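All remarks here apply to the structure that follows.
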Amino acid sequence: MSTAALGRSLVKVWRGYEHSLRTRPLQTQMVTSTILWGLGDLFAQRIDGKHNHDKLRTLSTAAYGGTVIGPIGHYFYMGMDKVVTRYLKIGTVGFVLAKVLGDELLFGPVHVGGYFAWMTLAEGGSLQDVKHRIQQDFIPTFMAECLYWPFIQGVNFWKVPVKHQLLVVNTACLADSTFLSWAKAQDDWTKDLPLPSFMKGHGKRSIDQTAVDDTGSIAPS
């Protein structure tokens, strides 16, 4: 395929996307989120070096993108834009900063905690497993997210029309969902990294840290 033909095909796809976004915005955001989050998990499994593709994990990740991030992201970004534009001038530093802070402090924790809860339950875990996973991985993962998203979202809120902002987020989520899928698959992804103590996970204690009862036996953790 020539470069010109490829360009025409991409323009046609974009116009189709724009039409779908105008006529069925929520459904379009959900489908886009499903595809991009599924791709993110495929990349994560390649990074893990998995020879046997875990189809259930990919389907669960894609379903999280489509049924959680798609609708919540759609209404969150539209709603946040309405609120912020009521008080601040569009395009100003204060406008962009307010939206970045809103994204990080409101959407971010729900996104990270929701992902770990969804995937743990989808893999057959219990609510206790969800609690353990969030206690172990929420803080370091959320801190890593705070290093990744502010610049992307700053440019997004500054230059991109609000109807396309979730598309930018979902495209950036190719990297983010790859990271989250990889982090979820690890026992404790922070243990071998040179991170400050407050960013370290709180995985299972080693035997020398485990309580010992009066008989000298190791007490259950």
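Keep in mind that this is a model prediction, so the values were computed, not measured.
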So, using salt bridge (charged side-chain N to carboxylate O under 4.0 Å, His left out) as the criterion, who are the partners of Asp41 when residues are at least two apart?
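Applying salt bridge (charged side-chain N to carboxylate O under 4.0 Å, His left out) to Asp41 gives Arg57.
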Looking at every non-hydrogen atom in both residues, tell me the closest pair between [X] and [Y] and how far apart they are.
| X | Y | result |
| --- | --- | --- |
| Ser33 | Gly65 | CB-O, 3.0 Å |
| Met80 | Asp103 | SD-N, 4.0 Å |
| His53 | Leu42 | NE2-CD2, 3.2 Å |
| Ala63 | Thr67 | O-OG1, 2.6 Å |
| Leu88 | Gly94 | CD1-O, 3.5 Å |
| Gln153 | Asn156 | OE1-ND2, 2.9 Å |

Would you list the atom pairs, donor with acceptor, under 3.5 Å between side chains in residues 106-118 and any protein atom, with sequence neighbours excluded?
residue, atom, partner, partner atom, Å
His111, NE2, Asp176, OD2, 3.0
Tyr115, OH, Ser181, N, 3.4
Tyr115, OH, Ser181, OG, 3.1
Trp118, NE1, Ser60, O, 3.0

Does [X] reach the side chain of [Y], with side-chain heavy atoms less than 4.5 Å apart?
| X | Y | value |
| --- | --- | --- |
| Trp149 | Val169 | yes |
| Leu121 | Leu127 | yes |
| Arg133 | Met119 | no |
| Pro150 | Glu104 | yes |
| Gln29 | Leu21 | yes |
| Lys131 | Gln128 | yes |
| Glu123 | Leu56 | no |
| His164 | Tyr17 | yes |

For Arg8 and Val11, what are the C-alpha separation, side-chain angles and deciding distance, and is it a side chain to side chain contact (heavy atoms under 4.5 Å, CB included)?
CA-CA 5 Å; Arg8 286 193 296 270; Val11 169; 5.7 Å; no
Intermediate values then yes/no, side chain to side chain contact (heavy atoms under 4.5 Å, CB included), Asp81 and Lys99:
CA-CA 8 Å; Asp81 186 71; Lys99 295 184 92 174; 2.8 Å; yes
Please tell me whether [X] and [Y] are part of a single hydrophobic cluster in this structure, the criterion being side-chain heavy atoms less than 4.5 Å apart.
| X | Y | value |
| --- | --- | --- |
| Met30 | Tyr64 | no |
| Val68 | Phe142 | yes |
| Leu167 | Ile152 | no |
| Ile134 | Ile69 | yes |
| Val84 | Ile90 | yes |

Please test Lys163 against Glu18 for side chain to side chain contact (heavy atoms under 4.5 Å, CB included), starting from the C-alpha separation and ending with a verdict.
CA-CA 10 Å; Lys163 67 177 182 178; Glu18 284 274 272; 3.7 Å; yes
Suppose we screen for ring-ring contact (aromatic ring centres under 6.0 Å, His included). Which residues come up paired with Tyr148, at least two apart in sequence or across chains?
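Testing Tyr148 for ring-ring contact (aromatic ring centres under 6.0 Å, His included), a comparison that skips the adjacent residues, returns none.
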When the ring planes of Phe157 and Tyr77 are compared, do they come out parallel, tilted or perpendicular, using 30° and 60° as the limits?
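Aromatic pair Phe157/Tyr77 classed tilted.
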Are the side chain of [X] and the backbone N or O of [Y] linked by a donor-acceptor pair below 3.5 Å?
| X | Y | answer |
| --- | --- | --- |
| Thr141 | Phe138 | no |
| Thr61 | Gly38 | no |
| Ser20 | Gly16 | no |

Do Gln27 and His74 meet the criterion of a side-chain donor-acceptor pair at a distance under 3.5 Å?
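Note: Gln27 and His74 side chains miss the donor-acceptor criterion.
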